Amino acid sequence: MTRFAFRNDAEWWRHAVVYQVFPASFRDTDGDGMGDLQGIQSRLDHLEWLGVDAIWLSPIHPSPMLDGGYDISDFLGVDSRFGSMEDFDGLLRACHARGIRLLLDFVPNHTSDQHPWFLESRSSRKHARRDWYVWRDPAANGGPPNNWLGRFGGSAWELDRPTGQYYYHAFLKEQPDLNWRNPEVLNAMSEVLRFWMRRGVDGFRVDATGVLIEDDLLRDDPPKPGADDAVPPPERQTRVFTDSRPEAFECLARLRSVIDEFPHRLMAGEADTSAGMLGRFYGEPSAPALQLPLNFGLLDAQWDGRSVTAAIDTYLDRVPAHGWPSWALGGHDKRRIAERLGPTQARAAAMLHLTLPGTCFFYAGDEIGIPQVPVPPERIRDPFEKLVPGYGLGRDPERTPMRWNDGPGAGFTTGEPWLPIGSCAPGLNVAAQREDGRSMLQLYRRLIALRKAEPALHAPSIEPLRGTPETVAFRRRHPGQPAALVLLNLSEVPQTVDLPGPGRVLLSTHLDREDDSLAGSTILRPAEGLVIREESPES
Ligand code: BGC
């Protein structure tokens with residue numbers, strides 16, 4: 001049954017809850033141990049029940065899969081491991097029929113070294129596509145042209161012996177960087193966007209937006225101050241001449257103008273949210289870039305009242321007046337929130353996440369509290385762990401399969417899963433948590449529903465309140481509507497909090513205090529969060 005009519009409002013994404021799916025790990029329907037598009041379609045009931053507005057799929061395109069599908073060999077196709085173009089069209093139709101939008105991952109910085117463009121480019125210095133990638137002559141000593149480091153270890157330059165030049169790769173050597181100074185590259189990648197938008201996709205999460213263009217003079221990057229042996233080798237330089245170059249923002253603005261050729265589309269993307277940088281990822285009102293540069297600030301903040309309060313304030317202060325905030329609480333490159341905070345504080349984090357002003361992104365599996373799953377050395381897939389071992393950089397533990405039930409293969413696969421599912425703790429699956437009225441899954445569903453239903457939570461602003469070292473407190477206020485107060489105890493001991501006025505509990509992270517009337521002060525239990533509708537006359 002359709003949950004709501006497909007809302008055609010141009011800026012649908014402003015209040016949206018976006019759910020990230022790592023396709024290999026969502027659901028497998030053909031028994032090969034890897035998730036697929038039909039598997040995603042078969043679980044849309046779950047997403048509709050949960051109330052998400054949009055799904056973002058990590059790459060689904062043909063790929064040698066050396067970097068989790070972010071090494072693409074055909075931007076216009078569907079990898080046969082995931083299904084066919086018919087499967088994709090079917091999934092898109094099924095999403096739209098339920099009022100759920102679909103976003104794709106767009107990876108503009110690089111291709112796979114198996115992409116026909118690169119095969120042509122490397123075939124000869126004279127090939128018309130030679131300049132589609134970043135080729136340079138060796139340094140005087142025959143070594144790489146400069147000191148730039150690849151993110152996955154070693155030099156960012158790889159020698160192509162037959163043609164005697166090096167090509168640049170910000171990531172794996174099997175992921176050569178496209179040359180975004182070449183207008184033909186911009187045109188070709190714009191056509192990729194148009195191809196998928198014509199098929200009906202609602203937008204994109206753009207990968208690695210800050211590294212599209214490097215310094216033309218190839219100036220060496222400086223050493224990072226204080227970067228000792230504890231710092232992974234690829235991070236021992238400050239990436240001044242490869243990252244967030246002014247020209248990269250021009251490219252983003254050009255891409256945005258392509259997005260805007262189609263109504264109601266979204267361009268979110270990876271970004272640097274640091275001071276002085278975040279604004280550039282939004283672009284100028286006259287030349288906008290990303291509508292939503294993704295903000296992982298909550299995930300990176302130290303988990304205590306003062307640090308989290310400061311992280312919220314600092315971030316919101318950096319969002320320009322014409323921008324709109326975003327909050328991402330997990331992802332395929334980040335340690336799972338339930339692992340980082342533990343299962344109870346992860347509930348407080350969910351409440352915080354879904355009551356802040358802005359667009360929310362969360363990651364499949366976080367709604368049931370999946371932790372990091374240990375991956376034995378012989379099953380490691382992520383090149384980061386293989387190439388820069390010993391620093392805990394591997395991303396496999398957060399990419400393990402979804403747990404649908406407690407049956408064999410956790411309802412994910414009937415075959416051998418591509419990554420271990422891990423020991424399925426009782427209750428750590430969707431079926432069990434749907435039955436349990438106080439589960440993490442039920443909390444997510446209630447929070448998403450509350451966020452939609454409560455007008456105060458639609459307000460574009462936040463009114464910070466003075467918390468304590470252990471608590472976070474803020475108010476959301478929509479003109480003419482009762483205000484909503486959010487109180488969170490980020491500690492493991494009870495906290496007494498004074499209330500500004502009387503109110504009624506709309507939701508507790510513990511799912512057991514709804515409708516309690518409060519006045520004066522209240523005790524927040526360990527890791528408890530409350531959303532309270534205030535009754536003060538002026539609200
Ligand atoms: C993606 C990573 C990927 C890298 C290279 C990142 O931003 O999120 O998973 O390894 O880009 O494409």
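Note that the structure is predicted; figures quoted are calculated from it, not measured. Sequence positions, counted from 1, serve as the residue numbers for this chain. Order of listing sets the numbers, starting from 1, for every ligand and every atom in it.
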Considering the options Trp404, Tyr363, Trp418, which one meets the ring pair (Phe, Tyr, Trp, His ring centres under 6.0 Å) requirement together with Phe26?
Trp404

By number and element, which atoms of ligand 1 are closer than 4.0 Å to a non-hydrogen atom of Phe152?
10 (O)

Within 45° of the ring axis of Tyr166 and under 6.0 Å from its six-membered ring centre, is that where the NZ or CZ of Arg136 lies?
no

Go through the side-chain N and O atoms of His46 and Glu367 and say whether any donor and acceptor fall under 3.5 Å apart.
yes

Would you please test Arg245 and Glu214 for salt bridge (charged side-chain N to carboxylate O under 4.0 Å, His left out) and show each step?
CA-CA 7 Å; Arg245 306 294 302 166; Glu214 303 73 42; over 6 Å; no

Within the 4.0 Å heavy-atom shell around Asp333, which atoms of ligand 1 are there?
1 (C), 2 (C), 6 (C), 8 (O), 9 (O)

The closest protein heavy-atom partner of atom 6 (C) of ligand 1 is Asp207 OD1, 3.0 Å

Please state which part of His332 comes within less than 4.0 Å of ligand 1, counting heavy atoms only: side chain, backbone, both or neither.
side chain

What are the atoms of ligand 1, with element, lying closer than 4.0 Å to any heavy atom of His110?
5 (C), 12 (O)

Those atoms of ligand 1 less than 4.0 Å from some heavy atom in Asp67:
3 (C), 4 (C), 5 (C), 10 (O), 12 (O)

Numbering as shown, the atoms of ligand 1 that approach Arg399 to under 4.0 Å (heavy-atom distance)
9 (O)

Considering only non-hydrogen protein atoms, determine which one is nearest to atom 7 (O) of ligand 1 and report residue, atom name and distance to 0.1 Å.
Glu270 OE1, 2.3 Å

Assess the residue pair Asp382 and Arg395 against the criterion (salt bridge (charged side-chain N to carboxylate O under 4.0 Å, His left out)); give the C-alpha distance rounded to whole Å, side-chain angles, the decisive distance to 0.1 Å, and a yes or no.
CA-CA 6 Å; Asp382 185 15; Arg395 299 164 296 177; 2.8 Å; yes

If you count the non-hydrogen atoms of other residues, nucleotides and ligands that lie under 6.0 Å from CZ in Arg236, is the total more than 12?
yes

Answer yes if the side chains of Ser112 and Glu174 hold a donor-acceptor pair under 3.5 Å, and no otherwise.
no

Ligand-residue contact atoms, ligand 1 with Arg395, heavy atoms, under 4.0 Å:
2 (C), 3 (C), 9 (O), 10 (O)

